Amino acid sequence: MGPQVDTVSAETRFPSQADVVVIGGGIIGTSTALALAESGLSVTLCEKGHIAGEQSSRNWGWVRKARRDPREIPLIVESLRTWERLNERVGAETGFRTTGIMFAAETPEEVANYEAWLEHARPFQIDARMITSQEIDKLIPGGGEVWKTALYCASDGRAEPQRAAPAVALAARRAGAIILTDCAVRGLETTGGRVTAAVTERGRIACQSVVVAGGAWSRRFLADLGLRLPQLKVRASVMRTAPLEGPPTTAVWSRQTGFRKRLDGGYTIADGHANIAALTPDSFRFFGDFLPALRMEWSSLRLQLDGRFLQEWREAKPVPLDRPSPYEATRVLDPPPDRRTLRRSLDNLKRRFPVFAAAHVVQEWAGLIDVMPDAVPVISRVDQLQGLVIATGFSGHGFGIGPAAGRLAADLVTGARPIVDPTEFRFSRFSDGSKPRPMSGI
Ligand SMILES: Cc1cc2nc3c(=O)[nH]c(=O)nc-3n(C[C@H](O)[C@H](O)[C@H](O)COP(=O)(O)OP(=O)(O)OC[C@H]3O[C@@H](n4cnc5c(N)ncnc54)[C@H](O)[C@@H]3O)c2cc1C
């Protein structure tokens with residue numbers, strides 16, 4: 001069972017038209033809907049399950065510039081500014097706190113990677129730096145004995161995944177957006193190369209624009225429109241503890257385990273090096289696109305052949321819009337957590353930091369991360385179809401960047417001056433000969 005998410009009540013209204021339909025009620029879709037509603041457009045958001053049912057409630061809650069791909073740094077800088085004022089803007093607690101984030105270095109290779117990243121980030125004048133074991137010890141008592149050096153960014157922080165997107169959705173509703181839950185969008189109607197309507201399981205919504213913020217489902221949705229989005233899914237597992245006195249507030253990532261304090265006093269703990277990629281028909285289809293990423297991530301990825309191969313093969317077939325779609329068959333993607341790896345992660349943490357000895361695990365879950373070949377999202381208009389904006393493929397780090405990414409997607413709809421230059425996020429990079437690849441060492 002997934003994490004307990006703040007409730008967004010069902011709507012009683014169903015509109016026959018809107019300026020914009022947003023598909024997906026994660027942090028990206030809700031942030032887009034809020035920005036659009038605040039700009040005065042009529043917006044309907046359609047979520048097939050509940051708000052933040054998938055990645056947006058299942059993540060670690062890190063909001064970070066540190067170790068961010070330089071292509072995303074201008075957007076995360078804007079996003080941190082947005083997070084700082086978000087509680088006030090949405091009139092609710094999103095859990096955002098500036099706590100600092102530390103990436104502990106365990107090998108000479110990691111030290112070299114972090115130093116190389118600092119060089120790449122220098123033009124952006126971020127306050128990240130390498131710190132000594134004495135400084136580590138002040139932030140994480142006992143940490144100085146475990147690690148000699150770390151990459152540390154004091155202005156990074158955290159927010160609560162189970163609260164943030166619901167709070168943003170409710171604020172969007174107050175600003176005039178219609179937020180529909182249990183309402184899958186089956187497909188789009190188009191006329192003369194333009195979007196004209198979104199067809200949902202409850203009926204048709206005529207519209208001029210659609211934003212696809214469907215997370216791990218975006219690839220399938222776009223394939224029905226004849227658009228090729230090379231996106232795969234990776235399963236990552238997380239656990240949370242009951243409130244715990246003593247451990248630090250700084251969030252820490254190391255090769256063996258990662259943890260961050262939660263607003264409820266507990267800890268979210270996981271192993272960022274133990275992701276599982278199920279082999280699916282798309283793994284073969286996009287093999288060439290993902291080869292550079294696969295070479296870089298080989299050590300932290302386990303390939304697995306399981307039921308997803310058959311499921312995705314069956315789901316790939318186009319379904320007429322008057323028939324139930326795969327989006328209705330799986331209201332919430334709720335994959336099983338990898339309990340063995342989680343146990344190992346907690347054992348490592350307890351061995352290194354006795355202050356975690358009393359940690360009592362109250363829940364474990366997993367999420368399917370939507371990854372792109374270059375680990376950078378697509379936030380883009382689409383040349384082939386006017387009125388369509390894609391905002392997806394956040395590759396395991398879209399929660400922190402979400403509020404600004406939603407604003408950028410809204411800017412692309414309205415034609416306002418974009419909050420940052422969107423060139424690096426263009427959809428066409430997968431077809432214009434660019435050879436997108438991840439930045440090494442990130
Ligand atoms: C274990 C884990 C740890 C992570 N840690 C971090 C972290 O610490 N920091 C960070 O920044 N990021 C992290 N991430 C990544 C982050 O969670 C995602 O990048 C982000 O939540 C993506 O948001 P989204 O709105 O694009 O997708 P989602 O939250 O997945 O939302 C997409 C929504 O679209 C809906 N949908 C799809 N298709 C349809 C349709 N046809 N009709 C209607 N609805 C539809 C789905 O039901 C879903 O609710 C982590 C992810 C995981 C899984």
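As the structure lists them, so they are numbered: ligands from 1, and atoms in each ligand from 1. Owing to the predicted nature of the structure, the values given are computational and were not obtained by experimental measurement.
- For the 3.5 Å distance criterion, the side chains of T94 and N87 qualify, holding a donor opposite an acceptor.
- A salt bridge does not link E72 to K65: none of the charged side-chain nitrogens sits closer than 4.0 Å to a carboxylate oxygen.
- Under a 4.0 Å N-O distance rule, the pair D282/K233 does not qualify as a salt bridge.
- A heavy-atom cutoff of 4.0 Å around ligand 1 is satisfied by the protein residues I23, G24, G25, G26, I27, I28, C46, E47, K48, E54, Q55, S56, R58, N59, W60, G61, W62, C183, A184, V185, A213, G214, G215, W217, F221, A236, V238, Y327, G367, I369, F394, G396, H397, G398, F399, G400.
- The closest donor-acceptor contact from the side chain of R68 to the backbone of R64 lies under 3.5 Å.
- The side-chain hydrogen bond (donor to acceptor under 3.5 Å, both in side chains) test applied to Q55 returns D370, not counting sequence neighbours.
- A donor and an acceptor atom, one from each side chain of R235 and Q304, are located under 3.5 Å apart.
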